Structure formats: C-alpha cells, structure tokens
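Working notes, beginning with the structure itself.
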Amino acid sequence: MIIMGDDAQRVKDQDAQEYNIQAARAVSEAVQSTLGPKGMDKMLVDSMGDVTITNDGVTILQEMDIDNPTAEMIVEVAETQEDEAGDGTTTAVAIAGELLKNAEELLEQDIHPTAAIRGFNLASEEARSEIDEVTQAVEPGETELLQKVAETSMTGKSSELDKEILAELVVETVEAITVEANDGSYVVDLENLNIETQTGRAASESELLNGAAIDKDPVHDDMPTAAAEANILLLNEPIEVEETDVDTQVNIESPDQLQQFLDQEEKQLKEKVDKIADSGADVVFCQKGIDDLAQHYLAKEDIIAVRRAKKSDIGFLKNVLEANVVSDLDSVTEDDLGYGSVRRDGEDELFYVEGLGSETHGVTLLLRGSTDHVVDELERGINDAIDVVSTTVSDGRVVAGGGAIEVEVARRLRDYADSVSGREQLAVEAFADALELVPRVLAENAGLDSIDTLVDLRKAHENGDTGAGLNVFSSDVEDSFDAGVVEPAHSKEQAIASAAEAANLVLKIDDIIAADELSTSGDDDEGGAPGAGGMGGMGGMGGMGGAM
C-alpha cells in the first residue's frame, strides 16, 4: 500500500535518532572553537558578499545557511539563550551537542530514550538547584564586581583590548537605566538606552552621553547649530506639498495660471512652517521629508530642522524629551513639544540632544572603532556585556567562571546520581560528563591538554575549592573569583535548562517523515534517506562549510 508521495522520505527508529544527533552535533561543533578568551573567530560571507567576522555564537548560527530541521532546533537554543540571558550562547549550544553525543552512547547500550530523557530532566533540575547553592549575592551598587562581570563577558572578543575602559562604560550605562521597583527589586529598562556607532577613532574614545545622539545634518546651512533651552517638535508628517490620492491632470493656458499654481504650493508650505513657528518650536526632528522651500522658511525663522530621522531615533527622543510624536500639524500644540538642549558637533557630525524636563530619561552609548568590521563586532560584544550586567543586577547572583561552576556542578551531580535508581542514574552521570565539556574546550582552545586540565580541576573541587577554574593565560588552576572571572548565575541556569530541553526534544523523535528530500550534500549529491545512505552526508547544513 502506497500512502506517501514519490518524493517523500521516511527515516525510522535508530536511523532517525542517529540522523538527528549528528545534525545537532554538527551545529555544536561548529561554534566550539569560539569558546573562551582564546577562542577563534569565524568569517561569515552571505549570498550578497557581505562579510561578518565574529566569535559570537548566536550571530554565527544566525548567519549560517542552515536548512536542516534538527540543526535549526539547536539554533533556537542559542537564540533563546541570547534573549533570556544575553550571553552564554556558545556554552548552551556546546552542552546541548555534548548531551546528545553522550545520549547516543546510552542508546547503544540499549537504554531506552525515555529513560535518558527522564535522567536528563532530573539532572537539569538538580544542576540548577546546585548552581543556586554556590552563587554569590551582588547588589547594584557593587560597581567593582559588576565591572568584572562585564570584563568576563568581553574577554576573547574584539572589545577585550580596551575592556577595562569599556567595562566601566557598560556598568555606568546600566546604572543610568536601572530603576527600583515597588517590591524592592531592580529593573534595568533597556528601552532608555540607545547605542550609536562611529568609525575612524579608537574604541577607547567611546563615551556615554546623557540624552540622544542623532547622526543627521541640519537641512539648511543658514540654520543655527545649537539651542540651549529649546522647545523640540517630533514630527511624523512631511513638510512638503500635499499630494492628491488620485492621479490628476492640470491644463495651463497662460503663464499667469502657472504662477498662481506655484504661488498656491508656496502658500501651502508657508502655512506649514507658520504652524510650527506658532507652536513655539525651536527645533524640528522630522521622520519624513522637508521641501527645499520649507527649509528656507524654517531657516528664516531660526528653527533647526532635521529630516528623515530614523523611526527608532524619534521613538528614543520621545523618551528623552517627554514629547509627543505629532502626525498632524493642524493639531500641534505647545503641550506636544519636548524641552531640552540641542547642539551640533561638527567633528563627530552628530546632534547631541539632552532632555531638561523633570521626568526625562535616556542615555546614548557612543561606540567608536577604526573600521566598520571592528565597530560592528565591538557593538555585539558591548550588547552582550550590557545584557549580562543587566541580568546580574536584576537577578542579584553571580558564579565563578573559567569552567569552575561546570566542574563543581558535575561533581555534585555524580554524588546525586548515587541516589537515583534505575537506568536514569546513567543519564545523570552522562549529564555531568557533558557539563565538563566547557572546561575541556576552554583548555583545547588555549592550546592546553584538556585531560590534564580536567584532572587538575576535579582535584581542586574535590578538595573543597568550589571557585577553582582554568586561567587560560597562565594555564594554572586558580580561584576564578580572585582572578576576576565572574559570570551571572542566571546565564548558567538558562544554558543548562535550554540545552537539556533541546536534547530531550531531539531524543524523543523516532520517526522523520518529510514531504521532500531531508537534505542534500551539495550539487553532486542526489540526496537520499539519511538512514540508507549514511546520514545523507549531513548536507542539510547548507553553506556552513563555506562560511567557516
């Protein structure tokens, strides 16, 4: 009986599990070499020829041309980790891949997938509980500790060269946008932060500005370049001649009629500018276009005007200035205007806008770098550092980095495994082994012997040194807290939870039914069922090989 189409494919049981595990491991192994202070970068070239150079796990996975459904599930682990914790994406994906590798060995021992899944669930829950026991509390005012968190996040990235200066900026930025909630907890409002980039200068010249920085020029040379105490209008309507909604045709029979037509257009523009002037506005940030003649009238009124401002800039200025975004000049009033200072920096070619109202808020982090590629990678690193410090402030807990927390939790999980009955005990031990991938990869990426490093770390933790981690620069095992290698506890908990859930999701699949070919191995491969052809070449990774 034929119930599926000619192009459909079906892979069952062990073949399906093998296919899924290999796909997930391929993604995991693709990013492992970027982990740690001595991790390497990837050059990613998209179909348009644009080049991205980064070691940020989620960026690598998002830029890779992945069309394998199982591999995409692992990419979602990185995206979830980025959304929830801001950093630790490579760790989460690496642990997920190692969990599946260990699970494959369990399956080869005739342990049923459901037993492995139950064991992984128990281990994941216990691991997060153990992390909470070894955390250290941190308050928003502990600037030095928060700077260590930021520096740890930036280590190994392009921002590392100036990490001390940038870490101070990051902590200062987070403190500026942190508010205390009614229940005494702290909330970091990232909506009040805007990040701008600039090329041509050193990263150490980056600065935090109170207010907004708008990368635009005034529309007319005769306009002022500064207004100390200005009423500012945010406009989402073009200052141009209004066009009809339907096609029209005007027949001109004499030069006088043409002049009347032009005069009417000029009058319409003058009326728009008069409405702006009558509202009391000294500065106009317009999201749409401004007609050349309107620019002239605005300059005569000594009004600073900027056209085609980005929607995101207008939204940020709304917070900075306590202003309303006006969409109809006929209804504009003085109450819609914001109050602040505006100045034009000719060297940076930026407008600096600072709110002067009692309830205004918003800061801009101006990042500088020598080239576009440098500043792009710097921005990714700073974004991760801001997210990590924000998470630390909100959560209030940190743990030792450098592989210390993974080795400690793995040790405790092995003790816990003795209390677990049945075959789930083996899964718990496999989970503990998977966590130790992190220090092993850190050592490998630093050119050290991973086995010797892991033995030394285990010995230190057995002797009660819960903060013992790997110093990849000196190749010594030392207390990570003393070395300033500190990470947010929430990031570790999220990485373990996401990795375990993704691994369990993959393990639970025993049948793959595809309406078309599951994958191709390239132009010369006709595809085929992975089970029949030895995983079909794992070609579902698309252009990953070229991206590396």
Side-chain angles (χ1 to χ4, degrees), residues 165-166 168-177 189-236 276 280-287 290 295 298-299 301-326 336-370 375 378-379 382-383 386:
I165 296 173
L166 295 174
E168 290 180 12
L169 272 180
V170 166
V171 174
E172 188 180 343
T173 300
V174 172
E175 287 176 346
I177 56 176
D189 189 358
L190 294 174
E191 293 294 323
N192 291 328
L193 171 63
N194 194 31
I195 297 179
E196 290 289 337
T197 59
Q198 223 179 28
T199 57
R201 295 168 68 175
S204 58
E205 297 182 61
S206 301
E207 57 183 317
L208 180 66
L209 307 171
N210 185 23
I214 308 299
D215 186 11
K216 286 290 181 180
D217 299 317
V219 295
H220 199 282
D221 291 339
D222 294 337
M223 288 179 174
T225 56
E229 297 180 352
N231 291 317
I232 302 171
L233 172 64
L234 306 181
L235 187 61
N236 187 22
I276 293 172
D282 304 303
V283 182
V284 178
F285 288 98
C286 183
Q287 193 174 326
I290 301 178
Q295 295 172 21
L298 288 166
E301 296 285 349
D302 284 336
I303 296 175
I304 303 172
V306 171
R307 66 177 171 180
R308 305 206 182 281
K310 292 185 292 187
K311 182 179 180 181
S312 58
D313 285 342
I314 294 293
F316 187 65
L317 283 171
K318 179 182 178 182
N319 289 340
V320 170
L321 299 168
E322 262 191 306
N324 296 323
V325 179
V326 176
D336 293 319
L337 306 181
Y339 181 57
S341 67
V342 178
R343 66 181 177 87
R344 169 74 175 170
D345 189 311
E347 183 180 354
D348 288 341
E349 297 184 347
L350 295 170
F351 272 108
Y352 295 139
V353 184
E354 183 176 350
L356 299 177
S358 59
E359 296 296 326
T360 58
H361 41 260
V363 294
T364 297
L365 186 56
L366 183 58
L367 299 177
R368 295 187 169 100
S370 56
V375 82
L378 176 64
E379 184 178 9
I382 292 296
N383 267 319
I386 288 173

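Note that the structure is predicted; figures quoted are calculated from it, not measured.
To the nearest 0.5 angstrom, Leu317 atom CG is 5.5 Å from Leu234 atom CG. One distance of note links CG of Leu233 with CG of Asp336; it measures 8.0 Å at 0.5 Å rounding. Between the CZ atom of Arg344 and the CE atom of Met223 there is a distance of 12.5 Å, given to the nearest 0.5 Å. Annotation: the span from Asp215 atom CG to Glu196 atom CD amounts to 6.5 Å, rounded to 0.5 Å. Taking OG1 from Thr225 and CG from Asp345, the interatomic distance works out to 10.0 Å, rounded to the nearest 0.5 Å. Note that the CG atom of Asp189 and the CG atom of Asn319 stand 8.0 Å from one another [nearest 0.5 Å].
Ion pairing between a basic and an acidic side chain is recognised when a charged N comes within 4.0 Å of a carboxylate O; Arg368 and Glu207 show such pairing.
Side-chain contact between Ile386 and Leu365 is present, with at least one heavy-atom pair separated by less than 4.5 Å. No side-chain heavy atom of Asn236 sits under 4.5 Å from any side-chain heavy atom of Ile314. Considering only heavy atoms from C-beta on, Val283 stays 4.5 Å or farther from Phe351 through its side chain. Between Val342 and Tyr352 there is no side-chain heavy-atom pair separated by less than 4.5 Å. Put simply, the side chain of Ile382 does not reach to within 4.5 Å of the side chain of Leu169, judged on heavy atoms. Put simply, the side chain of Glu172 does not reach to within 4.5 Å of the side chain of Val363, judged on heavy atoms. Between Leu350 and Leu366 there is a side-chain heavy-atom pair separated by less than 4.5 Å.
Summarising the local packing, NZ of Lys216 is surrounded by more than 12 heavy atoms from other residues, nucleotides or ligands at distances under 6.0 Å. Shown here is Glu205, whose CD atom has more than 12 heavy atoms of other residues, nucleotides or ligands within 6.0 Å.
Minimum interatomic distance between Ala228 and Ser341 (heavy atoms only, all atoms of both residues): O-CB, 3.0 Å. When all heavy atoms of Ala299 and Asp222 are compared, the pair lying nearest together is CB-CB, 4.2 Å. Here the closest heavy-atom approach between residue Ser204 and residue Ile165 is recorded as CB-CD1, 3.9 Å.
Considering only residues two or more places apart in sequence or on other chains, Ser370 meets the side-chain contact (heavy atoms from CB on, under 4.5 Å) condition with Val374.
Judged by distance alone, with hydrogens and angles left aside, the side-chain atoms of Asn231 form a donor-acceptor pair with the main-chain N or O of Gly280 at under 3.5 Å. A side-chain donor-acceptor contact under 3.5 Å links Gln295 to the backbone of Ile290. With hydrogens and angles ignored, the 3.5 Å screen pairs no side-chain donor or acceptor of Glu379 with any backbone N or O of Thr197.
Applying the side-chain contact (heavy atoms from CB on, under 4.5 Å) test between Asn383 and each of Val170, Leu378, Leu367, Ile195 identifies Ile195 as the sole match.
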Report, one line per pair, each donor and acceptor closer than 3.5 Å where one atom sits in a side chain of residues 302-313; sequence neighbours left out.
none

